[in-house]
Each structure stands twice: as C-alpha cells, then as structure tokens.
Amino acid sequence: MSTPTPRAAWSVPEKPDLGGLESRWGAFWEESGTYQFDRSKNRDEVFSIDTPPPTVSGSLHVGHVFSYTHTDTLARYQRMRGKSVFYPMGWDDNGLPTERRVQNYYGVQCDPQLPYDPNFAVPVPVAERPKEEQKKPPVHISRRNFIELCNVLTAEDEKVFEQLFRTLGLSVDWSMTYATIDDHCRRVAQRAFLRNFARGEAYQAEAPVLWDVDFKCAVAQAELEDREMPGAYHRLPFRLSTTGEPIHIETTRPELLGACVALVAHPDDERYKPHFGKTVVTPLFGVEVEIRAHELADPEKGSGIAMICTFGDLTDVIWWRELQLPTRSVISEDGRMQREVPEWITSDNGIAAWNDLAGKKIKQAQEAIVKLLQDSGELIGDPKAITHPVKFFEKGDRPLEILTSRQWYLRNGGRDQQLRQELSDRGHQLHWHPPHMRVRYDNWVNGLNGDWLVSRQRFFGVSFPVWYRLDAEGNPLYDQPILAEESSLPVDPAVDVPTGFTESDRDVPNGFTGDPDVMDTWATSSLTPQIATGWGEDDDLFSRTFPMDVRPQAHEIIRTWLFSTMVRSHLEHNTIPWRNASISGWVLDPDRKKMSKSKGNVVTPLHLLENYGADAVRYWAASARPGTDTAFDEGQMKIGRRLAIKLLNASRFALNLGGETPVVYNDSEITSALDRAMLHELAQLVEEATIAFDGYDYARALERTEAFFWRYCDQYLELVKARAYLGDDDAGARSARASLQLSLSTLLRLFAPFLPFVTEEIWSWWQEGSIHKAEWPDISQLRQAADDGNPIAYAIADEVVTAARRAKTEAKRSLKWPIAQLTVTDSSERIAALETVLNDVKDASLASSISVAVGDTSVAVVLADDGAV
RNA sequence: GGGCGUUUAGCUCAGUUGGCUAGAGCAUCUCCCUUACAAGGAGAGGGUCGGGGGUUCGAGUCCCUCAACGCCCACCA
C-alpha cells in the first residue's frame, strides 16, 4: 500500500480508449507481483479468502464471472485498506464429474481389477478420432492409469480457467493454487481423516445407505434431491395368522413385498389397536410378520397401516431401527432382485413366486409381481395412479434404493444432540452476508438425520489411508484397520503396502487388503481452509491466515460445502473456519430460470469479455447486491463500458489543464466555495463507500460512487470548467485544478475495486505505482480540503444550471446559447450559498447578468436574442 | 406441511432507524456537433410502490392477512 504520488512527467493520451487494457495490465500485474501475498504480515494485518475451487469438468460460465467478481472487489478493497490479501485459487478436479468427463473424452473405463500399465499412452480424444473409430467400446484401464488421465485432462482445463480469470482481472495470487486431487490435498484429507478416526469422530458401520444402482455407489444425505415421479398405490391383503381375517395395506412398492418385516399402525389407531402384537401372513410369499405400533404411522395415509420393508424408504429405516426389526433385503447392488431365494421364504408357492422375480430390474419386478398378485387374486382393485416425490442422487438417473453396507461415517451432529448444538452455535458466530442466509444453515443442521457418510465406491478421489488384515479364510477384519502413518501420506492403499507387510501379502489369507473406497468429494472440499493455509505443513503461514476472513460461496451449497467445512474446523480446531460468509446469488436468464448447462441457456463469458471489456462485465456483476439472484443483462455491461469510457475522458480533462508541464497542486490551494462544497460531498461518499465495503456490500459502494461520478461530470465539471481554464496565476483556476486532482484521485480509487483495468490505465498517466496498491481514500484529508464547504452551494448551483439548460433546450437552442438575464429567488440560506458560487454559475450557464432575491423558489431565465454574443 | 427471500416506471434495479412532490439507468420522444467525451450532451413523458386491512400527524418503509414467483427444509406407506 502506498500514498498516491504524482509522477514527474505525465502522459495523457490524445484519444484514450479501452482496447487491450486486459492483456497490458494483466501482464504488468503479473510481472510486478501486485497481488503477491506478503507473508511477513501478522494475522491482524492479513485478509484471507477461502476461494471456492471451481469444478474443472467443463467450462466456466457467467455464474462464475458473477460471483468471483464479488469476492475480487472485496479483496481489492481490503488490499487498499492496507491488508495483505491472501487470495489463493483452487481447482476442484476431484470426483464424479471429472471421472465422467475423462471417460467420455478419452473413451476409457476404469477397472480397478486391472494392474497398472506403466507404458499406457494418453489416448487420442474421442472427438479427434476418425468417425468409424468414435463408436468403439471404451478401453478398460487400471485405476492408477485412469487417475493419471484425470490429471492430464484437468491440468489442461485448469490452464483455460486461469486464463479466463486473469482476463476478468481477479487479483488472485496465482503462485498459490491447489487442486483437490493433488498430493497436498490428498495428504490434508487423509491426515484430517486419521485425526478424526483417532478421536472417534470417523467410524465404520454396517448400516442402511442410500444407494445409486447405476453408479453402484453410496450417496450422502446432502447429495439427495426429490423428483416428482408417477407411482401407484397397490392394495394388498395380509391375513391374520389366527383367523385369516384380511388386513389391507397400500403400497407403492409391491416389489418389496418379499422384504416385508412387519406392519405398522399408529398406537392410538382404534382400527388396529386390537391387532398389535399379532402376526399376519404376507400375500404371495406366506411369510409371518408382526403388527407393530409407532407414532410415525399416519392414520390418514392409505389404509392407515403400512408394511415395513428393508428398505423402501427412510421411514422404513427409522421403524426398522426403533422397533428392532430383522433385516430382509432383496435388492442387490446393481438394482436387481437378488437371484437366490431369500431364506425366510420357505413355502412352495413363495419360492415359485420368488423365482418369477429373481434377477429382474426393479421396474420389471414390479410388473411381474403385480401380475402374480392379480393371478392369485391378492391385488384388491386396480392400482391407483399417483405422483409422489422420490429420492434421487442429484447426479443420478434412477431412484435410490436403500441397501445395507459397510461404510465410513463422520460425526456431524446427525445423531448427537450436543454436537448438533455446538455446530448450530458455530453458525451463529459466523457473520453472514446477507444475514438471512443463516436460516438455511440452521434448517440444515436441525434437519440432519444421520452422520455424514463419507465413503464412496468410486475411483477418482482421495483414498482412505486404511488397510485391513485378512483372516485365514481371506476375509477382511474390519474391526482391526491398519492405519497409515501421518508421515507417509498421501497413500494409495491399492498400491502402497502397510508397515509389516510386503506386496505379496496383498489379498491373500492372513495378509492384508486395501480399503477400496474413496472419500466423498466434500470430504476434501470441506478442508479448503486447511489446504489453502498450510495446516500441518506450514505452521507459519497457517498462523498468519487461519481462521480465515471470508468464505464466498453460493447459497445452494450452504448445506454441503459451508456446513461440512464448519464440521471439520469445529472438530479439528475448535473454531469457526472463517469470520464471514459472503453468499452470492445466481445468474438467472431473462425468463428468471437459473442458468445451467443442462438447460442450454448458458452464455460463454469469453465473448462477453471480448465484446464489452472486463471492467464492463465486472460492473454488471458488482451491481448485484450480495445474495440476490440477478438477471443476466448485457445492457448493464454496455452501461459499464460507458462508465469506463467516461472515466477516461473526464480524467483527460482534469489532467490536461496544466498545459505541457504538469503541475501538482496542493490541497491548501482549494479556496473556491464550489470546490469545497463538492469535496465536502465527496468526503461523505468515501465514508458511505467505506461503510458499505466493511459490511461486504460492494454493490452499494459501487452504486453510490457511480451516482456521484455522473453528477460530478454533468454538473461539477461544467461549473468549474470556465474557471479551470483561466491562467495558472489565477487563484480560482488553481483552486479548481487542485480540487480536480484531489477528486479525480479519490474517485479513481473508489472505482478501482470494480474497474481495475481502466482505473489502472488512468492512474498510470500521472501516478507512480499501481492504483491497486494505493491507499484507500482518506476521509480526513478530504474533510480538511473541503474546509467550510457547504453542500447547499453545490446543490443550488446544480439546480440553477439545470434550469438554465432546460430553458435553452425547451427553446430548442444549443447549450452555448447565451442568457441575457438569470433571476434566482429562494430562501435566504440558499441565496447566501448561491452567492458564494455565483461566478461559476454565471459562467456555466453563459448568463451575462444574474440577480438573486429572497422569496418563493423560482429561477427565471431570459435567453439572449442573438446566439452569437 | 414448515421456513427464507422476492414483488417499486415497458425492462433492470436503488430507496439503511417511517418524514417535503417515490429515484437512477436502459428503452421511448424532443432538442443540441459544446475546445474531456457524438462510443457524447441537455431535456420530456411514463409509477394508485403485488392485493386487502391496520398502527401513525405521516407508510414504498412498521404490523396482520392474502396472492404470485423463486429457493431451502420435511418421516414421500
């Protein structure tokens, strides 16, 4: 940060323009290290930003440009306030999107069974192959080869992203980047996991999980979404074992009849009260199940009594757990009915029925069982079609099933009231911008219904640093995990060998096996503060940057990214990971739909930057208030571009008044009432902008600055022009020029966070160093220069000149048409103020005579007869 | 079903403890080549502030209620 220092020689271009600013100043900032983090600064002199790592599995869209600009304006403001800004960039190249992209891009398929092939060459991308070869089936490659390909492709994508962000003018320190799949991130993720495990926060459990049958992968609560799907109620009779009396239930999942473990009704339901504790026989399979009572059973729904299956939905899981029912699962991991006849089905009819369903996909199985039930007369009436919400993996295509499997979990308060309360309290320690976003956090924390499932049955991700001993039969001893040592991280248990074993012990009886799963992508993303600040590896950096100042992010991932980051920081550091959360809204298309790739309504940011310039695009982005969804509007970009051009021209005027040799005037030469009045208002503006920025409201700072600036151009510059053109020996001219220099310098710095390119360009005409390292305008300096400046003088001068212009315009005369007589009547206070600036008003309105009087407000204008005076 | 947010000019939006006649830009119309800027400038027209009710001397602003839209959450048999 530095005090503005005018250069000895100025160079104000004859015809300034916006062309090429991005590449010229981008290169300058890179060469001179303008945005380099100064790590000699202590924590209280640092502003550290937990930049969201964009997913590197496609292309950047306007939404990125939008929200990253918001953060950048804050970063630039803090830098000008003298903070050393810690502004790293991460790339999220870990996880399913990358896997999918690599599969399609190179035409490969990961097969974890295959051995690593060190000679495997990077394939020609599918799109670049001859047509006839494009449809070939994917080549199967080992996990390690697959990961290598992921690294190759993401490295290329990251270059493109960086270039775009540079063109946009993000003041990121590009020497500090990380990728969520790189060794550093994997090490952090594994170290954090090991510590969670050591403290008992990470644990394994064999439990029902939501399962995507296409990905063959477990899915966490945070990754769910509901979709409205057609379904149908099927009415089935269960017969009491004693009397054979039928009890009717309704179900949308008849294919799960074989997984039925009980019926359940509300404890107060008079219809079923007499039957609690009795058993009934399932139709078709003839399995005996008990009738139980539970408050969650809703007497209003269906027939008021439900069949509990393991597992049809999450309510089944609750009933199963709380009523301690047996597990009878019938669906296998690939989403088909299991082939073997379940051991609890013993009747001949039941076995025959099962064989009709075995191996069928869920939908086919449903059709088949409906047929069987119809044939046996056990389907009452026709199925009643309904639509109902069904849980899907947000990236999945088929409804989730609930299967039982062994998975890793991380405690997050979902089954622990105290931890939940602690995390809820953490949410209240954080400053939310805008504040109402905290509600979403509260909603989420209070609605958790289980711990965080962190294991995924995928390949491209961070492995669990864990192996298991195998017993004499070759079965893993899950209760005796072998943990990696922290010093050996990162490890890949599929490749690395635990201490005390050799590779020949892998997957043989009495040997070991690696944990096959990878971590949820959020298990890494939740550690971005630790990753960026060098936790556990660079204690010095960590002490200067953590806890961080701000997490900027979008609102729809409060439940995932923000919450999970909070969990990790709370568990590991017993603190909030940042002091502020700055939540950005979405970019909506003109139909007010969220812009997204799948809807095909995405505009590529590059052509916007080329058409309007980075400053103009940033102007549009920064005009949106924090947290507000905003319509995509190229019109706003045009206005931003105009603003940038206006800045060039107004600056040229203010800086060219001294003639050939530049003269730097002193604030003390500002003696004219109009100049002081303007500066008085300018001081007010700086104060407002500062308060707005301190409250993370960049949009307000921009709006105020812009409004001031246009008025400054249209009124002040016109009023001051005649006086400013007088010779340098005129005190009024010197006052005007000093005032112009001070106000221009101030305005440029106020605009610098928003329009970094054009302000840097203008700054370079007459100031040493980068404007982005210049100190934020000093209110007390402005107040001192403004001295007795009276805002009324500025206001009334403005009004009188406007009235004069109106008279000329209405008379269809040019603005340089002279005025013979200008008569202003107003209150004594305003007349007194006007008298202090009367000459400027007279000159600006080209009035040959001006008179004032106290009375009712009016401005009388008599135009001259002749335009040529 | 619960919660949060939004609703102000044709369009995009300001309007911060309630306070003079509700603002800006774009768009529309009129005028002006003026030595910073015609990629400009000066003006004009355009709004019962989503509906209804209330508090108040005074409501775009506070309270109640309804509606539309968006989002988040929910145990969806």
Side-chain angles (χ1 to χ4, degrees), chain A residues 12 15-18 226 228-229 231 233-234 249-253 256 263-265 294-298 301-309 312-319 386-391 434 436-444 446-449 555-556 558-559 585-586 588 590 592-594 620 623-625 627-633 635-636 638-639 641-657 688 691-692 695 697 699-700 703-704 706-707 710 713-714 717-718 721 725 801-802 804-817 846:
Chain A
V12 183
K15 188 88 183 147
D17 76 288
L18 298 175
D226 285 349
E228 278 296 325
M229 297 292 287
Y233 280 126
H234 300 76
I249 64 102
E250 294 193 356
T251 178
T252 56
R253 297 291 306 270
L256 292 179
L263 297 189
V264 66
H294 194 278
E295 305 79 50
L296 281 185
D298 181 356
K301 247 174 216 169
S303 57
I305 187 163
M307 73 169 180
I308 303 173
C309 305
D313 62 32
L314 291 173
T315 321
D316 281 342
V317 178
I318 296 171
W319 283 326
I386 55 157
T387 56
H388 60 158
V390 176
K391 290 210 182 304
H436 65 79
M437 290 294 178
R438 201 193 65 215
V439 176
R440 299 188 182 216
Y441 179 90
D442 286 339
N443 278 347
W444 178 251
N446 294 325
L448 288 167
N449 58 30
H555 51 66
E556 83 277 14
I558 288 172
R559 64 173 180 166
W586 284 343
L588 306 175
R592 307 214 63 91
K593 294 272 160 14
K594 186 192 177 189
W620 159 73
S623 302
R625 310 200 93 71
T628 312
D629 294 346
T630 302
F632 173 74
D633 186 1
Q636 281 297 111
K638 286 182 189 155
I639 297 163
R641 187 172 174 82
R642 273 194 359 162
L643 174 62
I645 293 170
K646 194 76 176 175
L647 269 167
L648 288 175
N649 289 317
S651 302
R652 197 174 91 85
F653 165 72
L655 298 177
N656 261 352
L657 291 165
E688 272 190 89
I691 290 168
D697 192 351
R700 183 176 185 79
E703 191 247 325
R704 288 306 154 110
E706 188 197 9
W710 283 105
C713 289
D714 296 340
L717 294 188
E718 294 303 326
K721 198 177 267 181
Y725 277 133
V801 169
T802 298
R805 286 169 176 165
R806 185 185 302 121
K808 296 178 188 183
T809 300
E810 281 171 358
K812 304 199 172 184
R813 300 297 188 195
S814 149
L815 289 184
K816 70 175 184 186
W817 194 275
L846 295 164

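Below, chain A is the first sequence line, B the second, and so on; all start at residue 1.
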| said: Let's see if you can work this out: which of B/C31, B/C71, B/A39 has an atom nearest to the side-chain heavy atoms of A/Arg440? | reply: B/C71
| field | Nearest-Å distance for atom pair CZ/P, residues A/Arg805 and B/U30 | value | 22 Å
| said: Under 4.0 Å, counting only non-hydrogen atoms across every strand here, what does A/Lys808 touch: a base, just sugar-phosphate, or nothing? | reply: nothing
| note | By nearest-heavy-atom nucleotide on RNA chain B, the more 5' of A/Arg813 and A/Ala654 is A/Arg813
| request: Using a 4.0 Å heavy-atom cut-off across all strands, classify A/Asp714 as base, sugar-phosphate, or nothing. | output: sugar-phosphate
| remark: For B/G45, the nucleotide meeting Watson-Crick or G-U wobble distances (both under 3.5 Å) is none
| request: Remember a base hit wins even if backbone is also touched, and classify A/Ala650 as base, sugar-phosphate or nothing at under 4.0 Å, heavy atoms. | output: base
| said: Can you classify the ring geometry of A/Trp586 versus A/His555 as parallel (below 30°), tilted (30 to 60°) or perpendicular (above 60°)? | reply: tilted
| message | Partner lookup for B/G1, please. Criteria are Watson-Crick or G-U wobble with both distances under 3.5 angstrom; report none if nothing qualifies. | response | B/C73
| For the side chain of A/Leu296, counting heavy atoms from C-beta on, which of B/C75, B/A39, B/C76 is nearest? | B/C75
| message | Strictly below 4.0 Å: does A/Lys646 bring a side-chain N or O up to OP1 or OP2 of B/A39? | response | no
| query | Do A/Lys301 and A/Tyr233 meet the cation-pi criteria used here (NZ or CZ under 6.0 Å from the six-membered ring centre, within 45° of the axis)? | reply | no
| message | Using a heavy-atom cut-off of 4.0 Å across all strands, would you classify A/Thr809 as base, sugar-phosphate, or nothing? | response | base
| request: Measure from CD on A/Glu810 to C1' on B/U30 and round the result to the nearest Å. | output: 11 Å
| remark: As its Watson-Crick or G-U partner within any shown strand, both distances under 3.5 Å, B/C26 has B/G10
| task | Figure out the CZ/P separation between A/Phe632 and B/C13, and round it to whole Å. | result | 13 Å
| task | Describe the nucleic acid contact of A/Gly302 in one word from base, sugar-phosphate, nothing, applying a heavy-atom distance below 4.0 Å. | result | nothing
| query | On a whole-Å scale, what distance lies between the C1' atoms belonging to B/A44 and B/C71? | reply | 41 Å
| task | Identify whether any heavy atom of A/Glu295 sits under 4.0 Å from a base atom; if not, whether one sits that close to sugar-phosphate; answer base, sugar-phosphate or nothing. | result | nothing
| Is any side-chain N or O of A/Thr802 closer than 4.0 Å to OP1 or OP2 of B/A42? | no
| query | Taking the same atom, P, in B/U61 and in B/U7, what whole-Å distance lies between them? | reply | 12 Å
| In whole Å, what separates the C1' atom of B/A9 from that of B/G60? | 14 Å
| query | Can you tell me how far C1' of B/C71 sits from CZ of A/Arg559, to the nearest Å? | reply | 12 Å
| said: How long is the straight-line distance from OG1 of A/Thr251 back to NE2 of A/His234, given to the nearest 0.5 Å? | reply: 8.0 Å
| said: Please pick, from B/A38, B/C73, B/C75, the nucleotide with the shortest atom-to-atom distance to any side-chain atom of A/Lys391. | reply: B/C75
| request: Could you pick out which residue, A/Ala297 or A/Met437, lies toward the 5' side of RNA chain B when each is mapped onto its nearest nucleotide? | output: A/Met437
| query | Looking for any heavy atom pair under 4.0 Å, which part of the strands does A/Arg438 touch: base, sugar-phosphate only, or nothing? | reply | nothing
| said: Nearest to the A/Trp586 side chain among B/C75, B/G3, B/C71, which nucleotide is it? | reply: B/C71
| field | Spacing between A/Trp620 atom CH2 and B/C11 atom P, to the nearest angstrom | value | 20 Å
| query | Picking from B/C72, B/A77, B/C26, which would you name as closest to the side chain of A/Glu556? | reply | B/C72
| task | In whole angstrom, give me the gap between the C1' atoms of B/C63 and B/G47. | result | 25 Å
| query | Rounding to the closest angstrom, what is the interatomic distance between B/G10 and B/G45 at atom P? | reply | 15 Å
| Spacing of A/Arg641 atom CZ relative to B/A38 atom P, expressed in whole Å | 15 Å
| field | Given B/G41, B/C37, B/C71, the nucleotide with the shortest approach to the side chain of A/Arg652 | value | B/C37
| said: Side chain of A/Arg625, heavy atoms from C-beta onward: which of B/G15, B/A77, B/C37 has the nearest atom to it? | reply: B/G15
| Given the C1' atoms of B/U21 and B/C33, what is the spacing between them in whole Å? | 36 Å
| request: Quick one: do A/Leu717 and A/Phe653 satisfy side chain to side chain contact (heavy atoms under 4.5 Å, CB included)? Show the steps, please. | output: CA-CA 9 Å; A/Leu717 294 188; A/Phe653 165 72; 3.9 Å; yes
| query | With a 4.0 Å cut-off on heavy atoms, is A/Cys713 in touch with a base, just the backbone sugar-phosphate, or nothing at all? | reply | base
| said: Is any side-chain heavy atom of A/Ile645 closer than 4.5 Å to one of A/Asn649? | reply: yes
| field | Which nucleotide in B/G41, B/C4, B/A38 has an atom nearest any side-chain atom of A/Lys15 | value | B/A38
| In whole Å, what separates the C1' atom of B/G54 from that of B/C29? | 43 Å
| query | When we call it a touch if two heavy atoms are under 4.0 Å apart, what does A/Gln636 touch: a base, just sugar-phosphate, or nothing? | reply | nothing
| query | Under 4.0 angstrom, heavy atoms only, what part of the nucleic acid is A/Ile318 near: base, sugar-phosphate, or nothing? | reply | nothing
| Under-4.0 Å side-chain N/O to phosphate OP1/OP2 contact, A/Lys812 with B/U30 | no
| Atom pair distance, as rounded to whole Å: CG in A/Asn449 and P in B/A74 | 7 Å
| request: Before giving the answer on side chain to side chain contact (heavy atoms under 4.5 Å, CB included), spell out for A/Ser623 and A/Glu703 the whole-Å C-alpha distance, their side-chain angles and the decisive distance to 0.1 Å. | output: CA-CA 7 Å; A/Ser623 302; A/Glu703 191 247 325; over 6 Å; no
| query | Whole Å only: how far is the NE2 atom of A/His436 from the P atom of B/G5? | reply | 6 Å
| said: Taking the P atom in each of B/C69 and B/U30, what is the distance between them to the nearest angstrom? | reply: 40 Å
| query | If you look at every strand shown and take non-hydrogen atoms under 4.0 Å, does A/Ser303 touch a base, only sugar-phosphate, or nothing? | reply | nothing
| said: Has A/Lys808 got a side-chain atom pairing as donor or acceptor with A/Trp817's backbone, closer than 3.5 angstrom? | reply: yes
